Amino acid sequence: MSQSAIDTSFSGPIVVDPVTRLEGHLRIEVEVTNGRVSKAYSSGTLWRGIEKILLGRDPRDAQHITQRTCGVCTYVHALASTRAVDHAVGVSIPPLAVMLRNLVLAALYLHDHIVHFYHLHALDFVDVSNCLNADAAKAAKIASDISTRRTTAESMQAVKDRIKKYVDSGQLGHLTNAYFLGKHPAYILSPELDLIATAHYLDALHLQVKAARAMAVFGGKNPHPQFTAAGGVTSYDALRPERIKEFLDLEKEVIAFINDVYIPDLLAVAAQYKDVAGYGGTTNFITFGEFRSDDRDLTSGFFQPGVIFNRDISAIRAFEPDKITEHVRHSWFQGDEARKPFDGVTDPNYTDLHGDERYSWSKSPRYSDAPMETGPLAQMLVAYAGGHKDVVPVVDKVLASLGIGAEALFSTLGRTAARGIQAAVVAAQMERWVAELQDQIAKEAKPRIYEEWEMPNESEGVGFVNAPRGGLSHWIRIKDKKIANFQLVVPTTWNMGPRDAAEQCGPFEEALVGTPIADPKRPVEILRTIHSFDPCIACAIHLIDPVSNEKRVFTVL
């Protein structure tokens, strides 16, 4: 979108409620001044009370209940809860158990990043109906030029014919460009690129199932894997050569799709939307590191933990868990003071949806009293600044391909690119990690995946996971061998939280300020920035026209 396409004549409020193509319920309210967002409010509008449900239960139950927090992020909650109990009871996890936990997490990374790019984010940039204007042969040549995967004119024409049936039926449904009817000035891809992206959207629907199946090979099932246990894992069947081969064969297909389809598509689309590198950035970043060789040591991971203040990637700071607090001054919970997670209180206190007082069910996590963005961008920034040998060349290649500098990473475009970079880097490690698992099995006369332990009468522990969406932590306090307190501090809480007691905006709110709006009745730019975080918080969008007060309802099928 060119700068001239911004509607600089517009000033006033815009409400997007609910924001769709994410898990859960999110309301975004912004003030626009001269065509750009000048103030933003992020409101989570559903409270479920998972922490309350856990009180008084056996700590070993936590992983089964916290998985049900979400239908998408199931395994990472199980892993965080299990690591929290591991920490609380002081058990040391056998190496094989660590490897199996890591491999299932790596498979989830690949699954989530593919689904996010194609099925949650792509329609912010891809106009599916524009496929009908594409030359199928030209589209096939472009797709073959940017990828090692051969694409035929026949396959492109088949997709075009399929989309034509949807368009002619008047039921394009969720494939309607950003759910907004009619040509939108912020959509600028050629018909051929729209056709290619749409074809790969459809391919990815089938491909993502294979990543999910790979998780189930070791995890027992998916969603809600059942193989984690405090002390290790229970999947002895996963140690058999046939099961390892099954996992690896599925992942090879996923890896090939990432390298031959996802990354080329990301670069092709990003090259047309370089203006999206001009907005959507935040200031501070936090990551917990991941794929650790020792579950007790956050610094033993393939990705390192770290904290960045003021975008200064020359000064990565060590992550210190005791600097985390949660604010509730503008949340629908009782109290005003910030608390450390071990002392967190989750007592609902709904007041009013509007205004500058309490306006969200989300708390506001802070690190050293500062708001922090977490997610793939945070992890890739820390890795890039730290000279990570596998990350640096991929980041440099992406920047060079797009003809942009490292400063462009601090944006909506940078956030989306970082997720693809992370997927590519993890994909490149999968076969090596499987080989390490096989070597470890061969070393052990009797492979061990579980360590016995005893439940203490009183203790506390925290489980950190760098989930696909960012830093996740579960905090448990045990008393009389039962859960006395349990708090979940999830990636989207870090990112979507409202203002804190010092009136500092959360990352969603900060990122939206300065966002240009081409059409205030169809504010796709808001969706681009919010979706770039891959929020996990649900299927019609309601907008209020501030001039006419007309309500527009867009139904999502």
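Note that the structure is a prediction, hence the values are computed from the model and not measured. In this chain, numbering begins with 1 at the start of the sequence shown.
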Under 6.0 Å between ring centres, would you say that holds for [X] and [Y]?
X	Y	value
His113	Tyr109	yes
His330	Tyr41	no
Phe285	Tyr367	no
Trp332	Tyr359	no
Phe464	Trp475	yes
Phe227	Tyr75	yes

Backbone N or O of Ile286 within a donor-acceptor pair of the Thr374 side chain at under 3.5 Å?
yes
Going by an N to O cut-off under 4.0 Å, is there a salt bridge joining [X] and [Y]?
X	Y	answer
Asp369	Lys323	no
Glu326	Arg366	no
Arg415	Asp534	no
Arg329	Asp500	no
Arg101	Asp295	yes
Arg469	Asp112	yes

Step-by-step side-chain hydrogen bond (donor to acceptor under 3.5 Å, both in side chains) determination, Gln63 to Ser81
CA-CA 5 Å; Gln63 63 149 323; Ser81 288; over 6 Å; no
Has Lys479 got more than 12 heavy atoms of other residues, nucleotides or ligands less than 6.0 Å from its NZ?
no
Regarding Lys340 and Gln487, do their side chains bring together a donor and an acceptor under 3.5 Å, going by distance alone?
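There is no such pair between these side chains.
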Which residue is it: His531, His121, His111? I am looking for the one with a ring-ring contact (aromatic ring centres under 6.0 Å, His included) to His116.
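Among the candidates, only His121 passes.
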Thr412 and Thr529: CA distance, side-chain angles, deciding distance, side-chain hydrogen bond (donor to acceptor under 3.5 Å, both in side chains) verdict
CA-CA 5 Å; Thr412 294; Thr529 291; 2.8 Å; yes
Give the C-alpha distance, both sets of side-chain angles, the deciding distance and a yes or no for side-chain hydrogen bond (donor to acceptor under 3.5 Å, both in side chains) between Gln379 and Asn466.
CA-CA 9 Å; Gln379 185 69 83; Asn466 211 69; 3.2 Å; yes
Minimum heavy-atom separation for Val76 to Ala467, with atom names?
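Scanning both residues, the minimum pair turns out to be CG1-CB, 3.7 Å.
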Kindly give the heavy-atom pair with the smallest separation between Asn222 and Met215, and that separation in Å.
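For Asn222 versus Met215, the nearest heavy atoms are OD1-CE, 3.6 Å.
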Answer yes or no: is there a side-chain heavy-atom contact under 4.5 Å between Ile308 and Ile313?
yes
